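Notes for the one structure printed next.
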Amino acid sequence: GFMIPDDPQTLRSLVMELALGQGYDLILTSGGTGLAPRDTTPEALLPIFERRLPGFEQAMMQASLAKTPTAAISRAVAGTLGRTIAITLPGSRKAVSENLAAILPALGHALEKLHGDPSDAGNEHKPRQVESSQYTGNNPLSDQHMLAFGTPYQSSSDNRRKEKSN
């Protein structure tokens with residue numbers, strides 16, 4: 001993970017490098033989604049998203065509102081950049097956990113589809129599981145974002161192409 005200052009250009013550059021340069025399949029940021037003057041994470045990432053994921057955003061908002069009415073001020077966003085899903089999460093550990101719990105059931109399937117899985121979601125398709133781990137980063141009082149990322153994605157179709165070429 002990375003700890004970076006509240007600087008939209010630094011965050012935007014790092015996310016672009018991890019997604020497009022290094023090919024990571026999942027990028028999670030924490031912090032900067034509220035209303036404080038330095039909360040600029042959505043503004044940093046929205047211009048580089050190719051497609052928004054409003055279902056993820058709505059699921060996270062719904063889960064948060066079920067816990068506290070102040071969640072209504074969250075501006076968390078989710079979207080794609082190349083073959084990467086990027087999700088902005090709140091700064092508190094509790095809110096990160098609640099938001100991730102809301103989207104983890106669909107995340108594996110979303111990654112499969114983003115990477116070209118042609119199977120129909122209504123059929124016997126079993127999406128790849130995405131494991132949650134204990135969130136240990138980001139001091140909510142810090143002016144920095146925690147950026148965590150998964151390993152570069154390799155779909156089963158990528159593996160088949162490699163086997164055929166050998």
Side-chain angles (χ1 to χ4, degrees), residues 1-115 121 127 130-133 135-153:
F2 297 87
M3 293 291 286
I4 61 172
D6 282 332
D7 174 55
Q9 186 55 46
T10 301
L11 177 60
R12 186 179 303 122
S13 296
L14 181 57
V15 168
M16 289 177 66
E17 170 58 24
L18 291 172
L20 303 174
Q22 297 183 33
Y24 284 93
D25 59 323
L26 178 64
I27 298 171
L28 304 173
T29 70
S30 177
T33 61
L35 291 177
R38 294 186 307 189
D39 288 343
T40 59
T41 301
E43 290 78 15
L45 298 187
L46 283 172
I48 62 172
F49 282 171
E50 294 165 359
R51 293 184 283 178
R52 294 272 300 267
L53 297 172
F56 278 24
E57 295 169 8
Q58 292 165 13
M60 292 188 300
M61 178 59 75
Q62 233 175 10
S64 294
L65 285 171
K67 302 290 183 179
T68 177
T70 59
I73 68 169
S74 176
R75 300 177 313 115
V77 295
T80 64
L81 180 58
R83 293 169 47 116
T84 301
I85 292 176
I87 302 167
T88 67
L89 298 164
S92 84
R93 291 179 184 183
K94 183 175 183 246
V96 166
S97 177
E98 292 165 1
N99 279 244
L100 285 176
I103 61 172
L104 279 175
L107 190 54
H109 181 68
L111 287 167
E112 290 286 339
K113 291 300 178 186
L114 184 61
H115 291 270
V130 175
E131 299 295 327
S132 64
S133 61
Y135 175 75
T136 58
N138 195 36
N139 172 353
L141 301 176
S142 169
D143 66 346
Q144 299 179 331
H145 301 276
M146 168 78 175
L147 184 67
F149 50 92
T151 57
Y153 183 82

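We're numbering straight along the sequence, starting at 1. Here the structure is a predicted model, which means the values were calculated and not measured.
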(message) Strictly by side chain to side chain donor-acceptor pair (under 3.5 Å), give each pair with a member in residues 71-82 just once, sequence neighbours left out.
(response) Glu43-Arg75

With rounding to the nearest 0.5 Å, note down the distance linking [atom1] in [X] to [atom2] in [Y].
X      : Y     : atom1 : atom2 : result
Thr10  : Leu14 : OG1   : CG    : 8.5 Å
Glu98  : Leu89 : CD    : CG    : 11.5 Å
Leu45  : Ile27 : CG    : CD1   : 8.5 Å
Asp39  : Asp6  : CG    : CG    : 7.0 Å
Leu114 : Asp25 : CG    : CG    : 9.0 Å
Lys67  : Asn99 : NZ    : CG    : 11.0 Å

(request) Determine whether Ile103 and Leu53 make a side-chain contact, defined as any pair of heavy atoms from C-beta on separated by less than 4.5 Å. (result) no

(request) Compare all side-chain heavy atoms of Val96 with those of Leu100 and state whether any distance is below 4.5 angstrom. (result) yes

So, for [X] and [Y], which heavy atoms are closest and what is the spacing to 0.1 Å?
X     : Y     : value
Ala78 : Phe56 : CB-CB, 3.9 Å
Ala71 : Ser64 : CB-CB, 3.3 Å
Leu81 : Ala19 : CD2-CB, 3.8 Å
Pro42 : Gly32 : CD-O, 3.3 Å

(request) Please indicate whether Glu17 has more than 12 foreign heavy atoms, meaning atoms of other residues, nucleotides or ligands, lying under 6.0 Å from its CD. (result) yes

(request) May I have the step-by-step check of side-chain contact (heavy atoms from CB on, under 4.5 Å) for Thr84 and Leu20, ending in yes or no? (result) CA-CA 8 Å; Thr84 301; Leu20 303 174; over 6 Å; no

Does [X] reach the main-chain N or O of [Y] with its side chain, forming a donor-acceptor pair under 3.5 Å?
X     : Y     : answer
Ser92 : Ala95 : yes
Thr41 : Thr33 : no
Ser13 : Gln9  : yes

